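Since the structure comes first, as structure tokens, the remarks are kept for the end.
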Amino acid sequence: MESGMISVDKWSSGSQVYFLTHLHADHTVGLSSTWRRGLLYCSRDTAKLFPTKFPDFNLSLIRVVEIGCWHSLSLVSPNSGSATTVYVMAIDANHCPGSLMYLFRGEFGCMLYTGDFRWEKSSNTVEVGRTMLLNALKNEKLDILYLDNTYCNPRFSFPSREVAAREIVDIINAHPEHDIIIGIDSLGKEDLLLYISRTLNIKIWVWPERLQVMHLLGFPDIFTTKTALTRVRAVPRYSFSVETLECLNTLRPTIGIRPSGLPWSMKAVKANENVFGSSRSQTHEPNRDLRSAERSHEYIYTVPYSDHLCFAEIQEFIELLQPVKIKGIVSSLSSNIEPYYFFRHLCGTKQAFWRLHQKLDNEEKLEKVGTVDIKSTIPGTSSVAGRKRKKVQFVNRVSLLRKSGHGVRIADS
DNA sequence: GCGATCAGAT
DNA sequence: CACATCTGATCGC
């Protein structure tokens with residue numbers, strides 16, 4: 001029977017209340033202007049932006065969750081059918097404007113749903129979030145951690161956004177006579193644009209809808225839709241291509257910058273090929289020596305500016321919280337796998353629990369993550385050939401899982 | 001005809 | 001190869 005209490009980033013029916021971590025499109029699949037399944041909890045910034053994405057949404061269904069304090073929800077226990085109270089605290093997820101993680105406490109125990117997040121040592125937001133989490137958990141164990149496992153593989157090593165932003169400014173400074181275009185999405189990377197603007201004392205062009213988002217979020221007046229005012233333009237990522245750059249270069253010398261992308265993963269694969277063999281005694285620091293910006297094309301620079309945490313940050317986060325159990329919130333075709341594949345040894349209590357489940361998980365993994373590159377993660381694992389045979393036959397199932405997207409229903413009966 | 005869902009491209 | 005998003009096709013009402 002499907003009768004849950006709480007859904008996070010999941011919009012099929014059957015829950016009493018619904019939580020949204022942030023407003024990126026892949027987390028709102030199933031939400032629409034005609035929503036009427038129940039109350040929707042989100043951050044203040046997310047609530048502000050809501051009407052731009054869902055114009056006719058019934059705003060009386062939205063509840064703003066303030067960061068850093070416990071809120072109580074009166075719900076019905078799916079087990080007993082009687083009233084029960086659930087407590088929730090929101091923490092800044094440091095992913096995009098308005099993004100939150102949610103810490104829940106109730107009859108089901110204590111669980112944290114991170115949503116997409118970044119966890120940089122150097123970040124003040126992270127420092128605040130760390131304190132909030134530790135205070136909120138105090139002497140209580142975290143039963144389940146729903147984790148952003150987007151980059152949960154040692155191959156994913158990249159610098160803080162602060163470092164990446166400096167690299168981008170360096171690239172711009174190295175092209176004083178060029179126009180610059182930067183590919184961004186409809187939400188996110190605002191801090192990068194602010195940093196560029198402040199450092200170079202220059203305005204940033206954005207497209208009109210994006211300017212409206214900036215205004216709604218209360219960013220300083222450094223964004224403009226007037227092309228003549230600046231040589232730096234932030235453009236929708238989908239309109240950013242080799243063809244675009246080649247076309248622009250027939251008019252004016254122009255370079256494109258892509259914050260995020262693949263070169264760091266390719267390099268990291270080479271650099272870390274054997275890393276897992278010794279990784280249990282070794283920490284994975286973000287690679288500071290590697291010059292990470294890469295010229296992937298005559299006019300295009302790709303810089304590892306990521307709004308998701310890297311592998312080393314995942315490790316730190318798990319060591320901090322020592323959850324009993326971890327579940328990844330992202331399923332991917334090939335390059336990441338279930339977090340406890342790497343971090344089982346860092347989980348709280350109940351080693352027997354893990355031993356028991358490891359066998360099941362290994363079998364399950366073949367089905368869920370059929371195309372994972374075993375060689376680059378655990379060299380020398382036996383029966384690799386057997387796993388590879390499974391690879392093809394599970395591709396369809398993996399892609400189904402992938403389409404199912406993010407989100408979870410908590411405390412199903 | 002419209003929204004929801006999916007496949008494919010970027 | 002990753003993410004997040006757009007376009008266009010298809011499905012269901």
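Throughout, protein chains are lettered first and strands after them, A, B, ... in sequence-line order, and every chain is numbered starting at 1. Please read all numbers here as calculations on a predicted model, not as lab measurements.
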Check the distance between [N]'s [atom2] and [X]'s [atom1] and give it to me in whole angstrom.
{"X": "Arg210(A)", "N": "dA4(C)", "atom1": "CZ", "atom2": "P", "value": "13 Å"}
{"X": "Asp26(A)", "N": "dT5(B)", "atom1": "CG", "atom2": "P", "value": "15 Å"}
{"X": "Lys189(A)", "N": "dA4(C)", "atom1": "NZ", "atom2": "C1'", "value": "9 Å"}
{"X": "Phe156(A)", "N": "dA2(C)", "atom1": "CZ", "atom2": "P", "value": "6 Å"}
{"X": "Ile182(A)", "N": "dC3(C)", "atom1": "CD1", "atom2": "P", "value": "22 Å"}
{"X": "Asp56(A)", "N": "dC2(B)", "atom1": "CG", "atom2": "C1'", "value": "14 Å"}
{"X": "Asp148(A)", "N": "dA2(C)", "atom1": "CG", "atom2": "P", "value": "14 Å"}
{"X": "Asp307(A)", "N": "dC3(C)", "atom1": "CG", "atom2": "C1'", "value": "10 Å"}

Tell me, which of residues 29-38 of chain A have any heavy atom that sits under 4.0 Å from an atom in DNA chain B?
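Heavy-atom cutoff 4.0 Å gives Ser32(A), Thr34(A).
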
Identify which one of Trp119(A), Phe158(A), Phe311(A) satisfies the ring pair (Phe, Tyr, Trp, His ring centres under 6.0 Å) criterion when paired with Tyr151(A).
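Per the ring pair (Phe, Tyr, Trp, His ring centres under 6.0 Å) rule, the option paired with Tyr151(A) is Phe158(A), out of Trp119(A), Phe158(A), Phe311(A).
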
For a quick check under 3.5 Å, do Arg161(A) and Asn94(A) share a side-chain donor-acceptor pair by atom type?
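Yes, because at least one side-chain N or O of Arg161(A) sits under 3.5 Å from a partner of the opposite role on Asn94(A).
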
Please check the phosphate of dA4(C) (OP1 and OP2 only) for any side-chain N or O of His95(A) closer than 4.0 Å.
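It does, given that an N or O in the side chain of His95(A) lies less than 4.0 Å from OP1 or OP2 of dA4(C).
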
Tell me, which pairs form a side-chain hydrogen bond (donor to acceptor under 3.5 Å, both in side chains) where one or both residues lie in residues 185-209 of chain A, sequence neighbours left out?
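Those involving residues 185-209 of chain A are Asp185(A)-Arg237(A), Lys189(A)-Asp307(A), Glu190(A)-Arg210(A).
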
Is the His22(A) ring parallel, tilted or perpendicular to the His95(A) ring (thresholds 30°, 60°)?
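Answer is perpendicular, since the angle exceeds 60°.
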
Could you check whether Phe19(A) and Tyr113(A) have their ring centres less than 6.0 Å apart?
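They do not qualify: ring centres at least 6.0 Å apart.
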
Please enumerate all residues that pass salt bridge (Lys or Arg N to Asp or Glu O under 4.0 Å) together with Arg233(A), with sequence neighbours excluded.
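Arg233(A) satisfies salt bridge (Lys or Arg N to Asp or Glu O under 4.0 Å) with Asp179(A) only.
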
The criterion is ring pair (Phe, Tyr, Trp, His ring centres under 6.0 Å); which residues satisfy it with Tyr299(A), sequence neighbours excluded?
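Partners of Tyr299(A) by the ring pair (Phe, Tyr, Trp, His ring centres under 6.0 Å) criterion, ordered by chain and then number, come out as His297(A).
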
Holding to ring pair (Phe, Tyr, Trp, His ring centres under 6.0 Å), I want the full list of residues that pass it with His178(A), two or more places apart in sequence or in another chain.
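If we apply the ring pair (Phe, Tyr, Trp, His ring centres under 6.0 Å) test to His178(A), skipping adjacent residues, the hits are His175(A).
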
Looking only at atom types and distance, does a side-chain atom of Asp143(A) sit under 3.5 Å from a main-chain N or O of Cys110(A), one as donor and one as acceptor?
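Such a contact is found between Asp143(A) side chain and Cys110(A) backbone.
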
Below 4.0 angstrom, which residues in residues 235-250 of chain A have at least one non-hydrogen atom near DNA chain C?
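Arg237(A), Tyr238(A) - these, ordered by number, are the residues of the stretch whose heavy atoms sit under 4.0 Å from the strand.
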
